[in-house]
Amino acid sequence: MYNREIFISELEKRNPGEPEFIQAVSEVLESIIDVVNGDPEYLNSRILERITEPDRVIGFKVEWEDDEGNLQVNKGYRVQFNNAIGPYKGGLRFHPSVTLGTLKFLGFEQIFKNSLTTLPMGGGKGGSDFNPKGKSDSEILRFCRSFMTELQKYIGPETDIPAGDIGVGSREIGYLYGQYKRLRGENTGVLTGKGRNWGGSLIRPEATGFGAIYFANRMVAAHDDSLKGKTIAVSGFGNVAWGACMKATELGAKVVAISGPDGYIYDKEGVSTPEKWNYMLRLRSSNNDVVAPYAEKFGADFHPGKKPWELNVDIACPCAFQNELNGDDAEKLISNGVKYVVETSNMGCSTDAVNKFIAKKVPFGPGKAVNAGGVAVSGLEMSQNSLKYSWSAEEVDEKLKRIMGDIHTACVSEGREPDGYINYVKGANIAGFKKVADAMVELGY
Ligand code: 2IT
C-alpha cells in the first residue's frame, strides 16, 4: 500500500529543487491514491514509482548568434515522459523561467491530458530558457535552427512529436520544421501546429481556446445553466486567450478582461469583435509581451500590475501561466460570487486555490481536461498527415467538440461525489490515469 506523504517525501529526495513537478504529482496522487491502493495489479507493478519517473530526459546546448554578432548560449531540453499509449507528444516552451523541473511538471501533466483526449498519444514536453521577448525575427530564426539541429536526433513522427506552447507559435514551428526538413529531407508529421499550406490542420491555432469554451459549455449545462449572458475574466492575451474570446462570444458570453505581465484590461463592452481579436494577435506578434496598448486603442481600462481575479465575474478562465491564480485570488473570486472556474493554463491555479474552490463547491475544471483540445487537434493533425489528407475546418471542429464532450463525460463519471458535486479534478486524474496505468500493466516492464 502506498502512503501519500511518504511517497511524496521520497519523490522530493529523488527530484530536488523541482517544486512544480512535486506539486503536479501531489495533486494527481491525492485523486488516485485510493484507486491505486485498491488494485493489486497497480500495487504489484509499482505503478506510482514507474509513472512518476520520466522514460528519458534529454538536455542539450543551443548556440546562436544575436543581431550584434555576439554568440549566445541557452539550455535546450526534451522530456520523454511516458509512451505507454502512444508516441511522446507535447509542446515546446521558450521562456526564461523554463527549467528541467518545469518541463517535468508539464510532461507529467501531458500524460494524463493526452490520455483523456481518447487519442493514442504519450506524454512529453520540451523547451528552452531562451527569452523571445524583444528578439528580432532573424534572431528567432537562428535560435530555432540551432535548437532543431540538436532536437532532431531524438524525435520522429512515430516516436516523439513536439508542438508549440508559450513562446512557440506558428512562426517558430515553421522555422523548426524548415530546419528538420533541411537536415532530414523528409516531409512528415514530426511537428504539429504546422502552417495550413505545409501539413497543418485547420482549427489548430484556435483549438485550445475553443476546446476550453466547449468544456465550459458542458460544465454549465451539467449545472442546468448556460453560457448566455455570463461574464468571463480571461488572463493572458496569446493564442489560447484569443480562441477563448472568440468561442465565448459565439456562445453568448462576454469576456470582460484579458491580461499580460504588465497588468489587466477591463473592457466592459467585451473582447467581442473581430477587430479586437485581430489586435490581440498583432500585440502578441510584436514580441513585447505587454497588453496595455489595447486599453488606449479600444477605450478600455488598464490596471497596471494587477490580475483580473479581483473582478466580479461569473467565470474565471486563467489562460496564461502556472500558478497564476493563488489562494488569495481564489478567496477574492469566491467572495465576489464566481460561479465556475475554467483552468485553461497548465496548472494555472496553486494547490491552495484549487482546494479553496473545491471546499466551497465551486465547479472547477482542471487544465489537463479543459485545455486538452489543443493537443487533441494536434492528434488530428497527426492523423491527417498519416493519411496524406486534410479535413475541412468544420470536420476538425466537430471532432474537437465531440472530444471535449467525451472528456467532460469521463470527468463526471469518475468525479461525481455522493452529495452530487462534480469534482472535476478527481474525475480528470482518475480517468486519465487508469488508461495509462492499465497499458503499463498490460505491456509489462
Ligand atoms: O500544453 C499543451 O497541451 C500544448 N502545449 C499542446 C501540445 C501539443 O502537442 O499540441
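When a ligand or atom number is given, it counts from 1 through the structure's own listing order. When a residue number appears, it is its place in the shown sequence, counting from 1.
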So do Val370 and Ile407 actually touch side chain to side chain, heavy atoms under 4.5 Å?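 With C-beta onward as the side chain, the pair stays apart.
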
Under a plain distance cut-off of 3.5 Å, with no hydrogens placed, do Lys247 and Asn217 share a side-chain donor-acceptor pair?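 Judged by distance alone, the side chains do not pair up.
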
Short side-chain donor-acceptor distance under 3.5 Å, Ser378 and Thr192: yes

For Phe105, give me all partners under ring pair (Phe, Tyr, Trp, His ring centres under 6.0 Å), at least two apart in sequence or on another chain.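 Ring pair (Phe, Tyr, Trp, His ring centres under 6.0 Å) list for Phe105, sorted by chain: empty.
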
Give every pair formed by an N or O atom of ligand 1 and a protein N or O atom closer than 3.5 Å, one pair per line with both atom names and the distance to 0.1 Å, or write none.
residue: ligand 1; atom: 1 (O); partner: Lys113; partner atom: NZ; Å: 2.9
residue: ligand 1; atom: 1 (O); partner: Lys125; partner atom: NZ; Å: 3.0
residue: ligand 1; atom: 1 (O); partner: Asn346; partner atom: ND2; Å: 3.1
residue: ligand 1; atom: 3 (O); partner: Gln110; partner atom: NE2; Å: 3.1
residue: ligand 1; atom: 3 (O); partner: Lys113; partner atom: NZ; Å: 2.7
residue: ligand 1; atom: 5 (N); partner: Lys125; partner atom: NZ; Å: 3.4
residue: ligand 1; atom: 5 (N); partner: Gly164; partner atom: O; Å: 3.0
residue: ligand 1; atom: 5 (N); partner: Asp165; partner atom: OD1; Å: 2.9
residue: ligand 1; atom: 9 (O); partner: Lys89; partner atom: NZ; Å: 2.7
residue: ligand 1; atom: 10 (O); partner: Arg204; partner atom: NH2; Å: 2.9
residue: ligand 1; atom: 10 (O); partner: Ser378; partner atom: OG; Å: 2.5

Is it the case that Lys104 places NZ or CZ above or below the six-membered ring of Phe21, under 6.0 angstrom from the centre and within 45 degrees of the axis?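 Relative to the ring axis of Phe21, which defines the angle, Lys104 lies inside both limits.
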
Salt bridge (Lys or Arg N to Asp or Glu O under 4.0 Å) evaluation trace for Glu331 with Lys356: CA-CA 7 Å; Glu331 273 176 26; Lys356 286 190 164 132; 2.8 Å; yes

